[in-house]
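All remarks here apply to the structure that follows.
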2 protein chains.
Amino acid sequence: MVKYIDIADDIRKKIETSVYEHGQKLPYEYVLCANYRCNKTTMKKALEILVKEGLIVRRRGAGTFVKDADTLTKLQGEQPFHGLTQTYPKSKVSSRVIEFEVISADETLAHHLHVEQGSFVYHIIRHRFIDDKSYGLEYIFMPISIIPDLKIEHLQTSIYSYIEDDLGLTIHGIHKIIHTVPSGSLDHELLGIPENVPAIEIEQVGYLSNGVVFEYSLSHFHYENFRQTLVTLL
Amino acid sequence: MVKYIDIADDIRKKIETSVYEHGQKLPYEYVLCANYRCNKTTMKKALEILVKEGLIVRRRGAGTFVKDADTLTKLQGEQPFHGLTQTYPKSKVSSRVIEFEVISADETLAHHLHVEQGSFVYHIIRHRFIDDKSYGLEYIFMPISIIPDLKIEHLQTSIYSYIEDDLGLTIHGIHKIIHTVPSGSLDHELLGIPENVPAIEIEQVGYLSNGVVFEYSLSHFHYENFRQTLVTLL
DNA sequence: GAGTGGTCTAGACCACATC
DNA sequence: ATGTGGTCTAGACCACTCT
């Protein structure tokens with residue numbers, strides 16, 4: 001639909017299939033423009049995408065180069081993710097819903113979700129499994145006004161798909177704080193964390209593209225299962 | 001030096017000082033172009049920066065809006081970071097260098113750093129403090145060929161400043177894995193982690209803009225001190 | 001000096017949101 | 001229907017690298 005994305009996709013494919021070899025120089029901007037029948041600005045925008053993805057490097061006065069294979073594989077495949085379902089597309093991600101109710105927000109929660117105190121919000125607890133192995137425990141809070149008609153089916157599959165695909169909302173970003181907290185009874189029971197051993201907690205706030213907070217959640221993990229990968233591109 | 005960055009800086013400042021109020025609409029692209037005496041394309045590039053930083057939202061057909069204060073403070077000040085020095089600009093970050101030597105890379109290390117086996121690499125151990133409080137323990141490996149002339153002074157201040165400011169290299173991205181590992185003797189001694197309690201480890205690989213790996217490091221933390229903030233913008 | 005990317009302008013036309 | 005941001009073109013000029 002959009003030209004510069006099409007071009008980026010095409011060049012990405014050519015890099016992946018080694019039409020453009022790793023470590024090799026790409027044709028000059030000028031030539032690429034001619035090939036794709038587009039303007040310099042459009043081509044620049046296309047290549048910018050690939051630069052951000054870490055596939056190519058551009059050096060003023062030198063040229064555009066495909067990064068070599070080893071470097072590539074390391075930066076690849078760790079895209080900014082959504083929920084667990086999207087993070088582990090190749091694994092079976094399942095959930096046991098432990099709690100699904102609507103509560104009215106107390107002061108703290110109202111503050112986190114940026115809604116008025118007393119507003120109705122979903123309160124969800126899910127025990128999550130990856131390939132049938134216990135993975136973590138989630139406490140999720142979402143304003144009912146922003147995410148209407150949430151059903152238990154959505155909790156059993158992917159809440160994020162419901163938000164993006166069914167409600168047509170755009171998730172702009174996620175803010176996380178990873179730290180540790182004293183473990184509680186559910187952590188002991190379901191995650192098997194021993195008494196007096198802290199749980200690793202991810203405190204998460206999700207924002208829609210209009211800046212509205214749609215989610216506040218706490219996820220608990222046993223330290224043995226905990227693994228979080230992140231890529232920071234500057 | 002570059003116009004669109006100047007414009008972005010100026011608008012950012014205006015947002016921070018509430019010249020443009022939170023939640024408010026910004027002047028139309030058209031008006032901004034006139035104000036800054038620039039072209040639409042240039043203005044778009046400037047605003048794009050602020051969108052990525054999460055300060056503003058643009059909606060086709062509607063306008064450009066400053067995110068409201070609450071949303072902002074949460075997303076702000078947690079920029080993609082470099083080292084500790086840049087992450088905590090307001091705190092006193094110090095280091096005690098425990099080890100600083102050059103070793104020759106064994107197979108594993110050569111693989112991580114993407115250098116030939118036997119190449120010389122720095123081996124650094126630093127105990128890091130924030131406001132004089134023990135923060136974590138770093139094991140850093142960097143190829144001597146890429147980061148020449150590293151001195152102990154750089155270790156005591158900021159290695160990343162040396163790389164970017166003195167060597168003039170550009171850091172493109174950082175790849176991290178956060179997980180837990182059994183604690184070792186240095187963890188017990190310096191971080192005060194009890195025996196049989198795991199340490200939280202961040203395994204990190206740093207890439208320059210040309211795709212070269214310049215750093216492989218392991219950082220250990222006591223769970224009480226551990227806190228990692230991350231923002232994912234989609 | 002020649003090659004190559006980066007910035008900027010002026011202006012046409014399109015897509016979407018709100019009224 | 002109008003307002004607003006998004007895409008695209010054509011072309012000028014600048015900054016850096018390589019040799």
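Letters go in sequence order (proteins before strands), and every chain restarts at 1.
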Discussion item. Using the ring-ring contact (aromatic ring centres under 6.0 Å, His included) criterion, which residues pair with A:Y4? Sequence neighbours excluded.
Written reply: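 For A:Y4 there are no ring-ring contact (aromatic ring centres under 6.0 Å, His included) partners, ignoring immediate neighbours.
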Classify the nucleic acid contact of [X] as base, sugar-phosphate or nothing, counting any heavy atom under 4.0 Å across all strands shown.
X	value
B:Y4	sugar-phosphate
B:K45	sugar-phosphate
B:K3	sugar-phosphate

Worksheet item: Where each residue is assigned the nucleotide of DNA chain D containing its nearest heavy atom, which of A:V2 and A:G61 is assigned the position nearer the 5′ end?
Response: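 That would be A:V2.
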Item to complete: On DNA chain D, check which nucleotide each of B:R60 and A:R37 is closest to and give me the residue with the more 5' one.
Response: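 Nearer the 5' end of the strand: B:R60.
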Practice prompt. Please find the earliest and latest nucleotides of DNA chain C, in the 5' to 3' direction, that have an atom within less than 4.0 Å of any heavy atom of chain B.
Written response: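 Listed 5' to 3', the contact boundaries are C:dT7 to C:dT18.
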Worksheet item: Does the side chain of B:V66 come within less than 4.5 Å of B:L55's, by heavy atoms?
Response: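 They are not in side-chain contact.
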Item to complete: Ignoring hydrogens and angles, state whether a donor on the side chain of B:E201 or B:Y139 is under 3.5 Å from an acceptor on the partner side chain.
Response: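 Checked: B:E201/B:Y139 side chains show no N/O donor-acceptor pair below 3.5 Å.
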Worksheet item: Does a side chain donor of either B:E203 or B:Y216 reach within less than 3.5 Å of an acceptor in the other side chain?
Response: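 Note: B:E203 and B:Y216 side chains meet the donor-acceptor criterion.
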Discussion item. Closer than 4.0 angstrom, basic N to acidic O: yes or no for B:K14 and B:D10?
Written reply: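 B:D10 and B:K14: salt-bridged.
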Practice prompt. Assert yes or no for the condition that the ring centre distance of A:F141 to A:H112 is strictly below 6.0 Å.
Written response: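 No.
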